[in-house]
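Here is the naming used below: chain letters follow the sequence lines, and residue numbers restart at 1 for every chain.
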Amino acid sequence: MKISTFFYTLRQGLRSLLRNKWYTLASVATIAACLFLFGLFYAVLTNFQHIVKNAEEVVCVTVFFESAIDGEEVTDARIAEIGDLINARNEVDPAKTVFTTADEAWEEFKVQMDFPEEFADGFPDNPLAKSANYKIYLKDVSMQSSLVTYLESIPEIRRINKSELAASTLSGVNLLIAYVSAGIIVILLAVSVFLISNTVTIGISIRQEEINIMKYIGATDFFVRAPFVIEGMLIGLIGAGIPLALIYGLYNKVLSYAITEFPMLVELLDFLPVEEVFAVLTPVSLLVGIGIGFLGSISTVRKHLHV
Amino acid sequence: MTKRELKRQKREKMIEEEGLIFLDGVSKSYSTGAPAINGVTLHIGRGEFVFIVGDSGSGKSTLIKLLLRELTATQGKVYVMGYDLAKLKHRQIPKYRRYLGVVFQDFRLLKDRNVYENVAFAQRIVEKSSKEIRRNVPSILATVGLAGKYKAKPKQLSGGEQQRVALARALVNRPAILLADEPTGNLDPKNSWEIMQLLEEINEAGTTVVVVTHNREIVNAMRKRVITMKRGVVISDVEEGEYNDED
């Protein structure tokens, strides 16, 4: 295609947009509304997921060891060996695994309890002698039960501290978020494709005479169809740009409001900065907008425009 | 010699022997009723000026549609420029139509565009560069006598002027054949004559012109070849012919 033809086609697409002002406006408004909702959902969900992920990072499994099995002492070497086995597991983030010796556990306890030194000295032996432990952090909290099953099969392990409720709640919330967002996105996309299809159908009926003339003069299928596809893609592009700008402004406003009014909450929940949200939201929204514009118009052009 | 070259030579030979337009026993039937065209055979040579006349329902419009490859023949063969139109693939039709210029009774101009844009539109479609368009459009508008009205919208023009714009649009891509379907049907006698004079000039410049018309006065005055159709059949084909009542 020649450059002049490309620009001509682009101009025709734009001309078509302006010619069917009200239909264009309706399509743009609906797509903008859909993508605004999508963007809002995305901003809220990514923040929620970020918060959930932060929460997940503090959920860990702690294992304690027997001092002896069948009269045979569980040595430090054996404990280290078990540590290696645990770290080799798929569920485990080995970089975060923390080993605490019995002595360290007693020192920690004293600090936590704020024991006076003379009081602590009253214990000639380490009262937490059986408290050597591994704090194991998971890659994903939903994997906790499979790790616990494995840990239970190791005879040297005396006790496993786990947070079943936190794990199941967090993985459940994650799953719910995924399903809800997928459902909403599919519905919104279907509505948008339908609307663009309607706008392009109207465009075709308005331009039927022009299309007939083009056919007699020798226009190729591509030449006749391209402006309608461009029109659809432009509607999608504008429909994506408007909500992006709105959400950008809104997100910044909400964030600065939260920082000034609820500083404690912001510290606790750790919201994502706007740039991080928009690094994904911008290309996704634009692609979705242009994509549904393309899909809506190309399917309509194929159905209604027999050249 | 390449396959393409061979095909071109074959087409040239066909044009030489049978004419630029050749209908060989062509019939066209629609799903209901009698055939619109029934066993028509005719040859139109390069550079000819031909009137096709006949009453409503005589098959003139179907003939034009067959030549435009809007329809295909139910029986027989239609050859234009050596191409067997039945064998043209869908994607070849636009390229084929670029050999033809078409003018209609109702002008079929784009109402939202001015004279220049209406003519340039035809050049855009065949992907001429902007430079070529800037050169060709004013030249063709001067040929049809509309050089001074290039900015006017169709509704600001008289019927005759609108038909001139349609003619300019049909001619700007330098077609080998000009098909005019009732070009004077919406015009007063003065404008009708002016359009016919233009068509004659175009023909003298080398373009084959086929005019479908009801206008007896013009046909009889111009003394060109006249093909008369009645109920889908060619009933007469006369050089320097006339269009009479008994036809």
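More than 12 heavy atoms of other residues, nucleotides or ligands sit less than 6.0 Å from atom OH of B/Y30. Under a cut-off of 6.0 angstrom, the local environment of NZ in A/K139 is crowded, with over 12 non-hydrogen atoms contributed by other residues, nucleotides or ligands. Heavy-atom neighbours of B/R174 CZ from other residues, nucleotides or ligands within 6.0 Å: at or below the threshold of 12.
For a residue to count as touching a neighbouring chain, one of its non-hydrogen atoms must lie under 4.5 Å from one of that chain's; by this rule A/F223 touches chain B with the side chain only. For chain B, the nearby part of A/E209 is the side chain; its heavy atoms alone come within less than 4.5 Å.
Every residue two or more places apart in sequence or in another chain was checked for a side chain to side chain donor-acceptor pair (under 3.5 Å) with B/T213, and none qualifies.
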query: Between B/R124 and A/R11, is a side chain to side chain contact (heavy atoms under 4.5 Å, CB included) present by the stated rule, with each step listed?
result: CA-CA 12 Å; B/R124 292 275 180 214; A/R11 273 204 306 278; 3.6 Å; yes
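Annotation: side chain of B/H90 is in contact with side chain of A/D221 (closest heavy-atom distance under 4.5 Å).
Residues of residues 91-116 of chain B placed with any heavy atom under 4.5 Å of a heavy atom in chain A are listed by number as B/P94, B/R97, B/R98, B/V102, B/F104, B/R108, B/L109, B/L110, B/K111, B/D112, B/R113.
Neither side chain, B/E127 nor A/Y8, offers a donor N or O lying under 3.5 Å from an acceptor on the other.
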